[in-house]
Amino acid sequence: MTSPLLANLNPEQLAAVTLPHRSALILAGAGSGKTRVLTTRIAWLLATGQASPLAILAVTFTNKAAKEMLVRLSAMTPVHTRGMWIGTFHGLCNRMLRAHYRDAELPQLFQIMDTQDQLALIKRMYKEHGIDDERFPQRQLQYFIASAKEEGLRPNQVEAGDDIARRQVEHYALYEGMCQREGVVDFAELLLRSYELLARHEGLREHYRRRFSHILVDEFQDTNILQYKWLRLLAGDDTAVFAVGDDDQSIYAFRGANVANMQHFERDFGRPDRPVALIKLEQNYRSHGNILDAANALIKNNRTRLGKNLWTSGDKGDLVRALAAPSDVEEAAFIVDVAKSLAAEGLALSEIAVLYRSNAQSRLLEHALFNAALPYRVYGGMRFFERAEVKSALAYLRLVAHPDDDGAFLRVANFPPRGIGARTLENLTDAARTQGTSLWQAACAGGGAGGKPSASLRAFIELIESMRAATAGLPLPEAVDHVNAASGLIAHYKKEKDGQDRLDNLAELVTAAESFLREADLAVDAPITTPDAGDAPRATDEGAADPLTAFLAHAALEAGETQAAEGRPAMQLMTVHAAKGLEFHTVFVTGLEEGLFPHEQSLNEFDGVEEERRLMYVAVTRAKRRLYVTHAQSRMLHGQVRYNVASRFLDEIPASVVAWLSPRRTRRGAIDVDPAEWGERLGAITPQSSPSVAARVPVSGSRGTAWRIGQSVRHAKFGVGIIIDAEGRGDDARVQVNFRDTGVKWLALEYAKLEAA
DNA sequence: AAATGTGGAATTTTT
DNA sequence: TTCCACATTT
């Protein structure tokens, strides 16, 4: 076996890649070459003739991962990746539903709603049915529906324990009715419909089962119940399912991810003659030893694990650097200082990441970086296809493609303003409801309940009709361009003084249509046909018959980049969640404080702290060479200063691999250092200082009675905490302490024997 | 129909 | 603090 494909694989990777035909669960630790194994496995199957490209289905969660798989695969083998089913769960389900829209009981040109659209639909529904949004918050219903669907449950299958739940189920049913009438599906619906399609149509199911001899799943720990059921349906007796995942990196339980899927895999995908193979990839190619030691020790505190230990053949490397800053401002200043000196040493800024638990923390960091003129890029936020002007342009296109889309209708009927007031739309909504039709049909039928067809409404109908006629024969980008202008959007934003960005985005939408066509072209070859249940011919990768519908699906399924990548290298700011899968030379994990990380909300959740710990594990394992873990004694949060105890996760990193860059007492908690001295001390600490910088700065002894807000204390009964308030003096003096384990308490200094901690 | 004011809430996020 | 939804004003 001297295939170059297999060169440089370690024994476990090699075993995984060349596994004989049967299902396998690959426990792939952080940085263990997971993507490489996955793509090499596919290449291997193809190269050895064990599978044809059409027999392979590979599924990921993100478009980015799917794209990367395609790129790496084409680099490895000369195969045409075009006919292959490689994509996201949603993308593949969309493809399947387009091909079998009749059996799925969907209109041919069904439209996909993103979460914004979905919320808008729920709001409309609340208005129409007079549902009380105080008692039933719209967001909550949105979550309720998504959760139900992710478990594969229709309204009649949801068990409602109490009255509230019963009402929510009713609302769920109403919602479904609206979606069906308007011909729109939400994200979860793509999965559920596809699942039901396979469940109900045996012929189809058998067709796909026979076709896909190999199913490969990326980030298996992130699959939800429905995705798992979908995989089970799709996998026939002779299908080998190759599931790659890491239970220690399961950080999406809050959106339905079900790690138990990994535990059940062996039972559900094994056959008596071909039990599931279990392979662990534990050799890490990313990080130096001390970083891995920190990660391993940390994650050992979780009880529910499959069990894994990362190791490296490389160096121990630097110690993990820890810092207790007096406040969030100093924490940010420290990061600026270190980044500057690293940059001065020649480290690319893009190799430095600053991670935080919640987005709110980015502001101050941005402020500090901005003032220091350090280029940075923040991940997260508004994506291209989510911007208002882009969504409006898309709504016109949706109306052109699919006029019954009430959401699209309402979005642009009077935008830009054209004299269709709230009153007109109300009447129209009433008329549509009584006639049981879409707004579009009601408008065509003559408008409002009063029977007075509004002239502006008629003009709008004509506008859409004329757009449809004008764009009919046009290539997609030209059609988009036409709609941008004919809709009046361009004229509208030209009038606005801050409209230039929006105009740019509208122009960018034309470009997006161009590149969509270009990429779709590459992805398409001859229509896939099979004797019994042929897949419909595809015009594009999105699987729709016409390019416009495909583009609209693309816009919904791939929201696009957060912001255009800047030319110059920049530091990377993001949440820990967003950092999953990435790696950097230097990583700062910031805000390591009880209440923030682990987040206080997680403490009430089942398995909450363990998930937070996995999150911390993800954060730590992003670092290749240098890891900083920082916390601040005081932090401005929601407009108020808060005093937090240092995170328990800091204590869980073995002292032997940590160098404290700030004075620190023996136990958890903050330092006892005067902010005034801070700058001086910090100045003496350079990031290059040897690991032995450690905790050796002696702290001036606490003077028995001189307690300060922000100080860490210990109480014999209540444990450790931080003083957050004080009042009175002398014998009456009391302090308020936020104890880590026992909460906030007022203590009289005369009686409570507090000691500095 | 745009501009201004008020109250409340405030993880994590892909599709 | 900041963002949002909603209500009220202009």
Side-chain angles (χ1 to χ4, degrees), chain A residues 59-66 87-94 112-120 123 126-127 133-134 137-139 142-143 146 149-150 185-192 194 218-219 222-224 226-227 250-257 328 355-364 367 379-383 385-386 414-423 492 495-496 542 553-560 562 574-581 591 595-605 608 611-612 614-616 618-619 635-642:
Chain A
V59 62
T60 64
F61 277 86
T62 66
N63 292 297
K64 197 174 152 206
T88 63
F89 278 102
H90 295 85
L92 296 180
C93 287
N94 177 50
I112 301 168
M113 288 187 291
D114 66 14
T115 33
Q116 275 183 49
D117 302 329
Q118 186 188 27
L119 194 62
K123 284 180 182 168
Y126 271 43
K127 212 172 252 174
D133 64 345
E134 303 259 297
Q138 292 139 348
R139 301 274 182 167
Q142 192 175 24
Y143 176 79
K149 289 189 180 183
E150 280 161 8
V185 302
D186 62 43
F187 287 134
E189 185 71 22
L190 287 170
L191 268 301
L192 185 50
S194 174
D218 190 22
E219 304 279 17
D222 287 339
T223 49
N224 61 36
L226 179 56
Q227 285 158 341
S250 165
I251 55 173
Y252 285 114
F254 70 91
R255 66 178 200 215
D328 47 359
L355 309 184
Y356 36 80
R357 178 61 179 76
S358 68
N359 289 304
Q361 290 164 252
S362 76
R363 190 172 311 123
L364 196 117
H367 183 78
Y379 285 77
M382 195 58 89
R383 321 268 296 268
F385 286 110
E386 290 167 356
N414 197 38
F415 187 81
R418 50 173 71 86
I420 302 178
R423 201 51 193 270
H492 175 79
K495 275 188 298 190
E496 251 184 26
E542 253 72 19
H554 169 82
L557 290 177
E558 173 149 32
T562 301
M574 65 191 82
T575 63
V576 181
H577 281 94
K580 189 167 158 226
L596 241 199
F597 198 177
H599 199 279
E600 53 197 353
Q601 305 255 27
S602 73
L603 303 180
N604 313 316
E605 291 162 10
E611 174 133 330
E612 294 286 304
R614 291 191 290 268
L615 198 52
M616 178 67 182
V618 167
R635 178 179 300 279
M636 182 72 98
L637 200 64
H638 304 326
Q640 281 193 317
V641 179
R642 295 191 14 167

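Hydrogens, waters and symmetry mates are skipped; everything else that's a heavy atom, side chains included, is used. First the proteins, then the strands, lettered A, B, ... as listed; each starts at 1.
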Discussion item. Check the phosphate of dT14(B) against Asn63(A), side-chain N and O only, distance under 4.0 Å to OP1 or OP2. Yes or no?
Written reply: no

Worksheet item: Over how many whole Å does the gap from Asp218(A) atom CG to dT15(B) atom P extend?
Response: 13 Å

Practice prompt. Taking only the side-chain heavy atoms of Phe254(A) (C-beta and beyond), determine which of dT12(B), dT1(C), dT15(B) contains the nearest atom.
Written response: dT12(B)

Discussion item. Once you measure the plane-to-plane angle for Phe385(A) and His554(A), does it fall in the parallel (<30°), tilted (30-60°) or perpendicular (>60°) bin?
Written reply: perpendicular

Fill in: Of the listed nucleotides dT14(B), dT12(B), dC6(C), the one nearest the side chain of Arg255(A)
dT14(B)

Discussion item. Is Asn414(A) close enough to dA1(B) that one of its side-chain N or O atoms is under 4.0 Å from OP1 or OP2 there?
Written reply: yes

Discussion item. Whether Arg383(A) contacts dT14(B) is assessed here as follows: a side-chain N or O lying under 4.0 Å from the phosphate OP1 or OP2. Is that the case?
Written reply: yes

Worksheet item: Is Lys123(A) near enough to dA5(C) that one of its side-chain N or O atoms lies under 4.0 angstrom from OP1 or OP2?
Response: yes

Discussion item. Need the glycosidic conformation of dT6(B): syn if within 90° of 0, anti if not. Which one?
Written reply: anti

Worksheet entry | Selection from dT11(B), dT14(B), dA10(B) that lies nearest to any side-chain heavy atom of Thr62(A) | dT14(B)

Worksheet item: Considering only dT13(B), dT2(C), dT15(B), which nucleotide approaches the side chain of Arg363(A) most closely?
Response: dT2(C)

Worksheet item: Are Asn224(A) and dT14(B) close enough that a side-chain N or O sits under 4.0 Å from OP1 or OP2?
Response: no

Worksheet item: Is there a side-chain contact between Gln227(A) and Phe61(A), using heavy atoms and a 4.5 Å cut-off?
Response: yes

Fill in: Lys/Arg N to Asp/Glu carboxylate O, Arg357(A) vs Glu612(A), below 4.0 Å
yes

Response to the item:
Comparing Pro417(A) with Ala556(A), nearest DNA chain B nucleotide closer to 5' gives the residue Pro417(A)

